[in-house]
There are 2 protein chains.
Amino acid sequence: MPLNAMPDAPASGATKARILDAAESLFMAHGFEATSLRAITASADVNLAAVHYHFGSKEELFQSVLARRLDPMNRARLELLARLESEAAPSPLPCERVLTAFLSPALTLARDPARGGKDFLRLLGRAYADPAPFIRHFLAEQYGVTIARFKAAFARALPHLPARELSWRLHFIMGALSYTLAGTDALKLIAELNPHDTANDEVLLRRLAPFLLAGLTAPLPDPSTVTRSLRGESARRRRAAPAARKPV
Amino acid sequence: MPLNAMPDAPASGATKARILDAAESLFMAHGFEATSLRAITASADVNLAAVHYHFGSKEELFQSVLARRLDPMNRARLELLARLESEAAPSPLPCERVLTAFLSPALTLARDPARGGKDFLRLLGRAYADPAPFIRHFLAEQYGVTIARFKAAFARALPHLPARELSWRLHFIMGALSYTLAGTDALKLIAELNPHDTANDEVLLRRLAPFLLAGLTAPLPDPSTVTRSLRGESARRRRAAPAARKPV
DNA sequence: GTACGATTCAAACAAACGTTTGAATCGTAC
DNA sequence: GTACGATTCAAACGTTTGTTTGAATCGTAC
């Protein structure tokens, strides 16, 4: 009898893939430490030892879960950036299009080739905030060249921006992006974001992009602007010369 | 012999505080799940059972660690906002000063009353991304009124911005802030941010504020702007009508 | 059918976990 | 000094953890 090529057969050779799917979902929901291998293998309906047979350890499983989708996403980012740059040549690619090249592959992934796209992005958002060395090393290796490439593209688009300022702003962008992707129900903290919005990642990124672009192209900070009113001497100055305030 | 009031005595009544300090540091470094009570009590040099005697459980200890600094910080935020608003009355408080009222107490905390200020902010950044129910419930209760209050202040400063758009942008702000505060060495991913920068939180927030302000006051998103080039038809349009691009 | 590498399985491993217990100790009021 | 509540302590509780083992099973080539 033909045992192979059955679409929903649990005993097919897809044990490895089923472990990856279950692990992705559970790691996303509870984090790396709080997810046990027994919970994963039970959810995937495979034997406990299968994880070590196919992946070697829990940490390697986690890295495989990330790499399965991160790898193609970063490749798509680099390819899209190269394509847009060659189209715009010889003039440098404008800032908002570099940003598009960075965000849109994430959007495509969120819209889910196969299943788990959104779960994965939330997992990725969590991984960014995890200080575990094996996670940080993995992300650094996986993201290093991509970030460097985009940083160079942004530097060309924003020649007036000092390199260190650009580094910080890319850091802020990664923060807003990963936090948004992590999509904890901290949303409910803020307000009446209806379920429609949270479900539609395209709407989400269409709102995120202008926000990030504005921050990226913001004027350079003025040393006296932000921390001025914090020491308690703002009352008199505020009333005396309100027009002296900088239009940040 | 006078056993009390010794500054560095390990046997003083400060057992509870020593547990809080050690827990704050270790929770920051390894997260909630990956930090064991045995590691905490060993670091604090107290008996293992002291945690349950003084706090009841590991989860309640975690909440106490957060509340010890979050409570005063949010109170300072609300008081500063009220002070600035009353100074600006009857005109509404401008956007950048509402943002200042939100950020500067975090800066003050980072500059460390006593010790552990920076460790705590990194811990808080991690907690934002943690989906554990008891953490989310705690943060929602702790932050609910503060966020609502600031949202109202921002709404007065930005009357043209739809309420839902404002909610999203506050969400992005929380993301960039918490990710920055979490301060994982993802910094090293991006670039040559020298140690001086990462050590100086004032510099950090002075760079974060203009970024966030620009995003907050960005023009409303244009439906066709962001996702346009993502489908693959951008080449012809880009060359044909470059002037049609919106100056987002 | 027989042999063999790849895979799955039930069972057990030692270690670490959060939590509980009950006695020992401390500080203070009588 | 005696009594008492608050606190500390060593030890053990039962569970769960990641990992390992060795035999059973499968799929395929001879």
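Throughout, protein chains are lettered first and strands after them, A, B, ... in sequence-line order, and every chain is numbered starting at 1.
In this structure, CZ on Phe154(A) lies 12.0 Å from NZ on Lys151(A), to the nearest 0.5 angstrom. We find the CE-CG distance between Met73(B) and Leu66(B) to be 10.0 Å, quoted to the nearest 0.5 Å.
Legend: residues meeting side chain to side chain contact (heavy atoms under 4.5 Å, CB included) with Ser64(A), ordered by chain and number and at least two apart, are Leu20(A), Phe55(A). Legend: residues meeting side chain to side chain contact (heavy atoms under 4.5 Å, CB included) with Tyr53(B), ordered by chain and number and at least two apart, are absent. In this structure Arg38(B) satisfies the salt bridge (Lys or Arg N to Asp or Glu O under 4.0 Å) test with no other residue, sequence neighbours excluded.
Stem analysis of DNA chain D (at least three stacked-register Watson-Crick or G-U pairs, each with both distances under 3.5 Å) gives C:1-30 with D:1-30.
Ser25(B) contributes no side-chain N or O that, together with a main-chain N or O of Ala22(B), makes up a donor-acceptor pair within less than 3.5 Å. Although no hydrogens or angles enter the test, the distance criterion places no donor-acceptor pair under 3.5 Å between the side chain of Ser104(A) and the main chain of Leu107(A).
Under a cut-off of 6.0 angstrom, the local environment of NE2 in His54(B) is crowded, with over 12 non-hydrogen atoms contributed by other residues, nucleotides or ligands.
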List the protein contact pattern of nucleotides 12-19 of chain C with one symbol per nucleotide (5' to 3'): B for base contact, S for sugar-phosphate-only contact, - for none; contact means a heavy-atom distance under 4.0 Å. B----BBB

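Residue His54(A) places at least one side-chain N or O under 4.0 Å from the OP1 or OP2 atom of dT8(C). Phosphate proximity of dT8(D) to Thr15(B): present, with a side-chain N or O under 4.0 Å from OP1 or OP2. Between dT7(D) and Asn47(B), no contact under 4.0 Å exists linking OP1 or OP2 to a side-chain N or O.
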Show me the protein contacts with nucleotides 23-25 of chain C, counting only N or O atoms at under 3.5 Å.
none

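Between Arg136(B) and Asp130(B) there is no salt bridge, since none of the side-chain N atoms of the basic residue sits less than 4.0 Å from a carboxylate O of the acidic one.
Remark: Arg77(B) is positioned above the aromatic ring of Phe102(B), its terminal NZ or CZ atom under 6.0 angstrom from the ring centre and at most 45 degrees off the axis.
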